[in-house]
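Take a look at the structure set out below.
Predicted model, so just to flag it, every value in this text is computed and none were measured. In listed order, ligands and their atoms are each counted from 1.
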Amino acid sequence: MPTPTLPDAIANALATTRMGTPLRYRKTVGSTNAEAAAWARKGAPEGAVVLAEQQTEGRGRHGRSWLAPPHQALTGSIVLRPDLPPDLLSLIPLAASLAVVDAITAYALPQPPRIKWPNDVLINGRKCCGMLLETATRGAPPHENAFVVLGIGLNVNQTDFPAEVNATSLRLATGQSVPRGPLWAALMQHLERRYDALHTPPERTALRTAYAERMLHRGQSITLHTPGTATTHTGTVRGITKTGALRLDTPGGPMSFHAGEVTTRSA
Ligand code: BTN
């Protein structure tokens, strides 16, 4: 039997009610986030996905670019239409990073994956997944045309990374090649569950607890670099607030931050 294409392999394994469909699969795009946003403006439903083999202008956080070779990674963006107050939108990438952890835990990893706040997923201290959330709200509430695009870059079968990048892939971590179709389908299923949990208060609380338990730096001293400023804050990570901000115990007392980049002396 011929090997199924990536969209066929996903369709064969997908068991969600809406996350992951409809799917647009592209050989090359500028950025899947940009293409998903354009589609959302034209009415793409919640759960719609743009998946690409190659991005010519892949976007990372803090204005960086995101590079991944074709046929080795999963590079995709999901359209979401959350029914959440604006201050809870920042929980979406946290829920999504838990979904990635759920999906990759099915593989024989040498150590449980951990989340570096807010939404990097790491194995053995190396990044295997990054996310970029882009929101569009227009006009007055209830923001009927509002949407969120969640971009996910997951390192699956790469075997080489530039020396300056602290990255890994599932293949490097497990020693085995990982079929991408079933992995994306599983990720959509976990994403649907974690994202739906954000919409009911008791489940939202449980999700925050699950997230805090998987934080890489919980209880550790870190430095937070806040974007667009030269400011840094050092403190011990205590978890997250109700809206997903990073809670730090600093020498000046408890503080919380909605944006920034965590570093430690070792990374
Ligand atoms: C980061 O860690 O810096 C975020 C990386 C996000 C990359 C993904 S790949 C799919 C989607 N399209 C983009 O242009 N970026 C995101």
Side-chain angles (χ1 to χ4, degrees), residues 6-7 10 19-20 23-41 44 47-80 89-90 92-101 103-104 113-123 125-136 147-158 161-162 164-170 180 183-184 187-188 191 215-217 224-228 244 246 258-263 267:
L6 180 58
I10 292 171
M19 215 55 87
L23 170 72
R24 285 187 179 172
Y25 174 62
R26 304 278 188 247
K27 278 214 165 85
T28 306
V29 292
S31 156
T32 56
N33 266 29
E35 183 140 336
W39 190 12
R41 268 180 228 109
V49 163
V50 176
L51 204 58
E53 288 299 350
Q54 191 159 28
Q55 299 185 110
T56 54
E57 290 165 41
R59 302 173 187 161
R61 292 178 66 232
H62 305 302
R64 287 190 286 252
S65 54
W66 183 263
L67 294 171
H71 306 287
Q72 294 179 29
L74 283 165
T75 304
S77 301
I78 304 123
V79 174
L80 299 171
L89 294 181
S90 47
I92 294 174
L94 276 55
S97 58
L98 272 174
V100 170
V101 167
I104 68 176
R114 294 278 169 226
I115 303 168
K116 178 178 164 185
W117 184 88
N119 49 230
D120 286 352
V121 179
L122 288 84
I123 305 170
R126 291 181 176 270
K127 179 163 167 173
C128 78
C129 182
M131 290 175 206
L132 183 65
L133 188 84
E134 295 182 301
T135 55
F147 62 86
V148 167
V149 170
L150 173 70
I152 301 180
L154 177 56
N155 298 333
V156 186
N157 287 319
Q158 293 102 309
F161 291 96
E164 68 276 12
V165 178
N166 181 33
T168 192
S169 67
L170 291 179
R180 293 179 303 156
L183 172 58
W184 183 263
L187 175 55
M188 292 301 102
L191 180 63
M215 285 175 91
L216 176 66
H217 296 115
L224 187 79
H225 300 255
T226 47
L246 181 70
H258 264 105
E261 185 148 28
V262 171
T263 56

Hey, what do you get for CH2 (Trp184) to OG1 (Thr75), rounding to the nearest 0.5 Å?
8.5 Å
Short N/O distance, under 3.5 Å, between Arg59 and ligand 1?
yes
In the protein, what heavy atom is nearest to atom 4 (C) of ligand 1, and what distance, to one decimal place, separates them?
Met131 O, 3.4 Å
Could you walk me through whether Trp66 and Ser31 pass side-chain contact (heavy atoms from CB on, under 4.5 Å), step by step?
CA-CA 9 Å; Trp66 183 263; Ser31 156; over 6 Å; no
If we number the atoms of ligand 1 from 1 as shown, the ones under 4.0 Å from a heavy atom of Ser77 are 11 (C), 12 (N)
Contact between Asp120 and Ser97 at the side-chain level, heavy atoms closer than 4.5 Å - yes or no?
no
For ligand 1, which atoms, with element, lie under 4.0 Å from some heavy atom of Gly153?
8 (C), 9 (S)
Quick note on ligand 1: atoms under 4.0 Å from a heavy atom of Asp120 include exactly 2 (O)
Could you list the atoms of ligand 1 found under 4.0 angstrom from a heavy atom of Thr75?
9 (S), 10 (C)
Logged contact type for Ile152 with ligand 1, heavy-atom cut-off 4.0 Å, is backbone
Quick note on ligand 1: atoms under 4.0 Å from a heavy atom of Gly58 include exactly 14 (O)
May I ask you to identify the nearest protein heavy atom to atom 10 (C) of ligand 1, giving residue, atom name and distance to one decimal place in Å?
Thr32 OG1, 3.2 Å
When rounded to the nearest 0.5 angstrom, what is the spacing between CG in Leu80 and OG1 in Thr135?
11.5 Å
How far does CG of Leu51 sit from CD1 of Ile10, to the nearest 0.5 angstrom?
5.0 Å
Given the options Glu35, Gln54, Gln55, Glu53, Arg26 meets side-chain contact (heavy atoms from CB on, under 4.5 Å) only with Glu35
Which residue supplies the protein heavy atom nearest to atom 5 (C) of ligand 1, what is that atom called, and how far is it?
Trp66 CE3, 3.3 Å
Taking the side chain as every heavy atom from C-beta outward, state whether Leu191 and Leu150 have any pair of such atoms under 4.5 Å apart.
yes
Nearest-0.5 Å distance that lies between atom CE in Met215 and atom CH2 in Trp117
8.0 Å
Pairs of nitrogen or oxygen atoms closer than 3.5 Å, one from Ser31 and one from ligand 1: do any exist?
yes
Heavy atoms only: which of Lys127, Glu261, Glu134 lies closest to atom 2 (O) of ligand 1?
Lys127
Who's the nearest protein heavy-atom neighbour of atom 3 (O) of ligand 1, and how far?
Arg61 N, 2.7 Å
So for Gln55 against ligand 1, with non-hydrogen atoms under 4.0 Å, the contacting part is side chain
Taking the side chain from Asn157 and the backbone from His71, do they hold a donor-acceptor pair closer than 3.5 Å?
no
